[in-house]
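Notes to accompany the following structure.
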Amino acid sequence: MGTATDVFWVLVKVSRPVGWSFAPILYAIGLVHSPKFDIRKAAVAIQILALSAPLALVVFGVNDVYDHATDVRNPRKTADGLEGTVLDPSYHRHVLLSAWLATATILLSSLLARRLPNTVITIALLVLCWEYSAPPLRFKERPLLDSLSNGAIIDLCYLIGYTAGGGALNSRMLRLKGHILGLCTAAVHALAAVVDLDADEAVNQRTIATVLGARPALGLAAANYLLAFLIERDLTIFGIYIIGGLLVMLVPVFQDSYAHLAFQAIVYWTGGMSAVWFIDKGVRALLRHKHSKSQ
């Protein structure tokens, strides 16, 4: 049994600090797309913080607990770096308890926003995050649903930001281009499943890759990015991101030995283009503010 300090650092490691920014970025994009975009509200700041390390602990920590059998056979995890780690079973109880506390924290942050649509979406996100990894549903072992549920998690993070800014659960919400982010994420998950194919087959874990095979799973991943561009159509920053992602996805379709390299490339490409998108939005906002003051 480790000390309190040991437990703390295990929780930090399994929550993947590099992933703490993913949900806040999606939340911020949704907030920008919302009818009443205002990042100065205290409730917004609290919810952004709750969706950082606490949500990462739920998403990654719970997964590490229930994926132990395959993680010990997975070179991505035994490397103990950016793409995860093998969680010592002696810490499983601590991680699950901490994940439940994180879940309560995230739900509380939504209640502080005092917007019913926001709370509904937050509850849906939390349920899906748990059911992706944990029994009894464990979507991670239900082919196609494994990738689609990953995309849905991303979409729900985006919608939490959208509803925090006054967005309603109506027909306008269904037409938001931000849903494309979920489509792209489902593709990235399918790519990751191909990378983990050997380890998952060793423990008879059913995934989109073990059931369909590497090449069909990679083909579906590339098709998702192609569909995303057909929806976006324009050469915006988002459009350029999608084209770049599609090109990366096509490489392992023709040579699946490059699947791991493609996975790493798409992760860094997504992070870099997210930064470019926010910088562009920030510059545009400053120019609008400067123009309004000059009038």
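Just so we're clear, the structure is a prediction, and the values are computed from it rather than from any experiment.
Side-chain contact annotation: His179 with Tyr158, donor-acceptor N/O pair under 3.5 Å absent. Defined by atom type and a distance below 3.5 Å, a donor-acceptor pair is missing between the side-chain atoms of Tyr132 and Tyr66. Side-chain contact of Asp146 with Thr207: a donor-acceptor pair under 3.5 Å is absent, judged by distance alone.
Inter-residue side-chain proximity for Tyr225 and Leu247 is flagged as unmet; no heavy-atom pair is nearer than 4.5 Å.
Membership of the apolar cluster around Leu261 extends to Val251, Tyr258, as traced through chained side-chain contacts below 4.5 Å between ILVMFWY residues. Using a 4.5 Å cut-off between side-chain heavy atoms of Ile, Leu, Val, Met, Phe, Trp and Tyr, Ile46 falls into a hydrophobic cluster with Leu112. Other cluster members for Val12: Phe8, Trp9, Trp20, joined by side-chain heavy-atom distances under 4.5 Å among Ile, Leu, Val, Met, Phe, Trp and Tyr.
Not counting sequence neighbours, the partners of Arg215 by the salt bridge (charged side-chain N to carboxylate O under 4.0 Å, His left out) test are Asp256. Shown here are the salt bridge (charged side-chain N to carboxylate O under 4.0 Å, His left out) partners of Arg142, two or more places apart in sequence or in another chain: there are none. For Phe22, there are no ring pair (Phe, Tyr, Trp, His ring centres under 6.0 Å) partners, not counting sequence neighbours.
Note that CZ of Phe60 and OG of Ser15 are 8.5 Å apart. Values are rounded to the nearest 0.5 Å. Here the straight-line distance linking atom CG of Leu125 with atom CD1 of Ile160 works out to 4.5 Å at 0.5 Å rounding. Atom CD of Gln47 sits about 4.0 Å away from atom OH of Tyr27, to the nearest 0.5 Å.
Partner of Lys140 under the side-chain hydrogen bond (donor to acceptor under 3.5 Å, both in side chains) criterion, chosen from Asp200, Asn63, Thr70: Asn63.
Within 6.0 Å of the CZ atom in Arg138, the count of heavy atoms belonging to other residues, nucleotides or ligands exceeds 12.
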